[in-house]
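What follows is a single structure, written as structure tokens, with notes after it.
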Amino acid sequence: MPKRMAYTVTFWGTRGSIPTPGAHTARYGGNTSCVAVEGPGGQLVILDAGTGIRELGLTLVGQNGAVKAEILLSHTHWDHIQGLPYFKPFFAPGNSVRIWGSKQGTKSLDAILHLQMDPAVFPVPLSAVSASLSVQEVQPGGEFSVGPFRAQVMQLRHPGTTLAYRLTPLSGGKSMAYVTDNELGPGGSYDTPPSWRRDLVRFLDRVDLLVHDAMYTPSELDTHRGWGHSSYEEAVELAAEAGAKQLMLFHHEPEHDDGALDELVAAARRLAQRRGAPTEVVAAQDGLQLSL
Ligand SMILES: [Zn+2]
Ligand SMILES: [Zn+2]
């Protein structure tokens with residue numbers, strides 16, 4: 001029997017849409033989406049490159065040796081790539097960074113990443129970074145190996161092509177799924193098949209950690225249908241249906257301060273309890289670290 005691999009999951013950015021610095025959001029944090037998954041020996045897979053990736057980059061260059069980073073992008077909306085130009089490992093030769101993600105329409109991922117650092121909007125072009133950089137396009141429904149993990153990919157209900165990733169250690173061990181920017185309820189017009197909900201539940205079957213978009217309260221959701229996000233209620237329902245062991249509420253609404261998020265997570269826990277779901281419910285915070 002191969003040894004089951006243990007790994008850590010660190011939340012560097014948990015906010016949706018736009019960074020929210022300030023006293024009212026200090027506890028949950030204000031950086032946009034970035035999660036680091038680290039296997040033994042420092043093999044690193046990074047989920048999304050929101051502003052949280054800046055601080056992660058600083059800790060990586062502070063360690064000894066070259067940085068080898070694999071970045072899996074859910075999609076290329078601002079809040080998921082905005083930290084990329086400030087990812088310090090880019091600016092030292094000897095480091096290597098590979099970015100995985102989907103094209104958008106006919107625009108390649110490579111072209112989109114270059115546009116983000118076009119001279120019209122940014123001082124340093126992507127072509128000037130000194131680390132070795134490669135860009136790898138991923139298809140919804142695909143599967144590939146990245147670092148010590150097998151990654152499975154599924155398309156979400158969100159404007160543009162947005163991907164969920166399920167990571168399972170190649171040598172066996174607990175699995176986690178990163179599912180953000182996803183509209184579980186009705187609304188919007190997305191390029192997903194009628195079997196999508198069933199497929200998603202199967203994709204998440206008994207996952208140990210489910211990180212899911214829980215941007216809205218049920219009443220906020222009513223005025224944001226078609227925007228590509230979910231309520232905490234919908235996230236709890238999905239986690240229960242899929243038999244997820246732990247649900248991490250993620251992609252916090254910028255207008256939710258710490259008090260509002262405390263109430264949101266308490267309500268989500270009450271719902272999970274009422275439903276008799278064994279799922280443990282937690283809200284992601286910048287700096288939170290778990291071991292799986
Ligand atoms: Zn987002
Ligand atoms: Zn988005």
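The shown structure was predicted, so the numbers you read here are calculated from the model rather than taken from an experiment. Remember, it's 1-based here, ligands and their atoms both numbered in the order they're listed.
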Quiz item: Just by modelled atom types, is the Thr32 backbone N or O under 3.5 Å from a matching donor or acceptor in the Thr51 side chain?
Solution: yes
Quiz prompt | Sole residue of Arg4, Arg166, Lys174, Lys245 in salt bridge (Lys or Arg N to Asp or Glu O under 4.0 Å) with Asp208 | solution = Lys245
Quiz prompt | N/O/S from His229 sitting under 2.8 Å away from the Zn ion (ligand 1) | solution = no
Quiz item: Within His77, is some N, O or S atom less than 2.8 Å away from the Zn ion (ligand 1)?
Solution: no
Quiz item: Does the ring pair (Phe, Tyr, Trp, His ring centres under 6.0 Å) test come out yes or no for Trp100 and Phe144, once each step is laid out?
Solution: CA-CA 11 Å; Trp100 306 70; Phe144 56 93; 4.2 Å; yes
Quiz item: In Asp181, the N, O or S atom nearest to the Zn ion (ligand 1) is which?
Solution: OD2
Quiz prompt | Considering only N, O or S atoms of Asp79, the one closest to the Zn ion (ligand 1) | solution = OD2
Practice problem: May I ask you to say whether Lys103 pairs ionically with Glu137, meaning some side-chain N is under 4.0 Å from a carboxylate O? | Solution: no
